[in-house]
2 protein chains.
Amino acid sequence: MAPTPETLTAERILEATEEVLRRHGPAKATVVDVARALGVSHGSVYRHFRTKAALREAVSKRWLDRTSQALAGIAADAERDPAARLRDWLAALFEAKRRKAGDDPELFATYMVLTDESGGAVAEHLADLVGQLTRIVRDGVESGAFAVPGPAETEARALFHATGRFHDPCYAREWKQPGVEDEFEAVVELLLRGLAAR
Amino acid sequence: MAPTPETLTAERILEATEEVLRRHGPAKATVVDVARALGVSHGSVYRHFRTKAALREAVSKRWLDRTSQALAGIAADAERDPAARLRDWLAALFEAKRRKAGDDPELFATYMVLTDESGGAVAEHLADLVGQLTRIVRDGVESGAFAVPGPAETEARALFHATGRFHDPCYAREWKQPGVEDEFEAVVELLLRGLAAR
DNA sequence: CAGCTGACAGATTTCAATATCTGTCAGTCC
DNA sequence: GGACTGACAGATATTGAAATCTGTCAGCTG
């Protein structure tokens, strides 16, 4: 029942931190700014997050989780053809990243800095995504659509690495260029041929 | 006949510049330093390179060309099985990059900064590498070992992009980690299956 | 006269003083 | 007594003046 503006919660602090990051950028966003935005002393913020790094990592985690959840639906849809599902999943990941990077480049750069710092949260996120891919590959192998020599997870990881150019932030610049769509198609087709049972 | 220490040539300037970069790093290497190392005034350096950026780009180009030439031999060896050749070529590229990054990380970081600046030289280099791959793919298609739906160059570009994690400097950190060899194998196997005629 | 020098203007970088921030904690307030 | 404050020490960032660098060019030199 506690109304938002009354109690100071981790959630409220995270929201304020996102806002401060959006306004000031990652280099100039301070804990004092966050506290000021919430109308409290910065000591109170440290009651909920042990360090500034922990606060920033929590913001990263929220952001990364939003992407994961959008894709989880495609990965889990066991009814559909695994090849089509894989294609859609990879395209959705590419599209999501590309839209984020294109719509608000400054905010995207902010999150790039944050995730660079947040080793743990990123590792978890990547593990989650590879897990989703593993599910699709395993479904494909079980249905006879795919044939792979080793464990499904090895193949999933290979798929993830091979498509890095279309989801890894370090390539964000290239996502604007004209030919990328075709490059993406070519890579995905090549990978699907490699997966297909013969 | 002109002996090295007498005349000031572009070549000598490039060598001195590499040395200065190795010593001082990319941030603190100045044209004045290069001139001092050569025992000339910095005005003389500008007689051979219009700007500091042009000088640095020339250094990048030399460095990139060394890598290209090492691989060209594998790509051009028309006698060998294209699949084996492709495997070797990709492994050689990975190994070369990994060795450079591992042996002298500081120097590698220097060259990462240089190539980041040198858009043109890098684009040429990448085009060269994709050209070499195209040759291998075309040979494979002609010999009946590979079957691809589109032009060989599209496929070559897809191969290059799909293996980015194992040659793109932005992943240099990961090349030290234990599992990379296996990750590389998994990606290459998947790609070769995608290329193979059935 | 071709190649080099060195002084110069404007741009960039360095450095040290100054201000701000992080993280702690004794104490205040419901 | 549990949540919050605000002063504090040490670490980090900002700032502006001084030093250095880039790129040019008139003149020297062999």
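Numbered from 1 within each chain, the chains take letters A, B, ... in sequence-line order. What's counted below: heavy atoms across the whole structure, side chains too, no hydrogens, waters or symmetry copies.
For the pair B:F49 CZ and D:dC21 P, the interatomic distance rounds to 20 Å; values are reported in whole Å. Counting to the nearest Å, the P atom of D:dG23 and the CZ atom of B:R50 are 11 Å from each other. Spacing between atom CZ of A:R47 and atom P of C:dT22 amounts to 18 Å, rounded to whole angstrom units. Spacing between atom CD1 of A:I13 and atom P of D:dA3 amounts to 12 Å, rounded to whole angstrom units. The distance from atom CZ of A:R56 to atom C1' of C:dC21 is 13 Å, rounded to the nearest whole Å. Across the protein-nucleic acid pair, B:L38 atom CG and C:dC4 atom C1' stand 13 Å apart, rounded to whole Å. We find that CG of B:L55 is positioned 14 Å from C1' of D:dC21, with the value rounded to whole Å. Atom NZ of A:K52 and atom P of D:dA11 are 16 Å apart (whole Å).
Between the side chain of A:T51 and the main chain of A:A54, a donor-acceptor pair closer than 3.5 Å is present. Side-chain atoms of B:T17 come within 3.5 Å of backbone atoms of B:I13 as a donor-acceptor pair (strictly under, hydrogens ignored).
In this model, no side-chain donor or acceptor of B:H42 finds a partner on the base of C:dG6 within 3.5 Å.
Considering only the side chain of A:K28, D:dT14 comes nearest among D:dT14, D:dG23, C:dG23. Comparing D:dC4, D:dT22, C:dT22 by their nearest atom to the side chain of A:L8 picks out D:dC4. Of the candidate nucleotides C:dT5, D:dG6, D:dG23, D:dG6 has the atom lying nearest to any side-chain atom of A:S41. Listed nucleotides: C:dG23, C:dT14, D:dG23. Nearest to the side chain of A:Y46: C:dG23.
The residue B:T30 sits close only to the backbone: its heavy atoms come under 4.0 Å of sugar-phosphate atoms, none of a base. Within 4.0 Å of B:V32, counting heavy atoms only, lies at least one base atom of the nucleic acid.
Aromatic rings of B:F184 and A:H161 (six-membered ring for Trp) have centroids beyond the 6.0 Å cut-off, not under it.
Put simply, A:S44 has no side-chain N or O that comes within less than 4.0 Å of OP1 or OP2 on D:dC4.
Looking at which nucleotide of DNA chain C each of A:T51 and B:A27 is closest to, the 5′-most match is held by B:A27.
Taking the side chain as every heavy atom from C-beta outward, B:V45 and B:V32 never approach each other to under 4.5 Å.
By the 6.0 Å contact criterion, CZ on A:R66 is enclosed, its count of non-hydrogen atoms from other residues, nucleotides or ligands being greater than 12.
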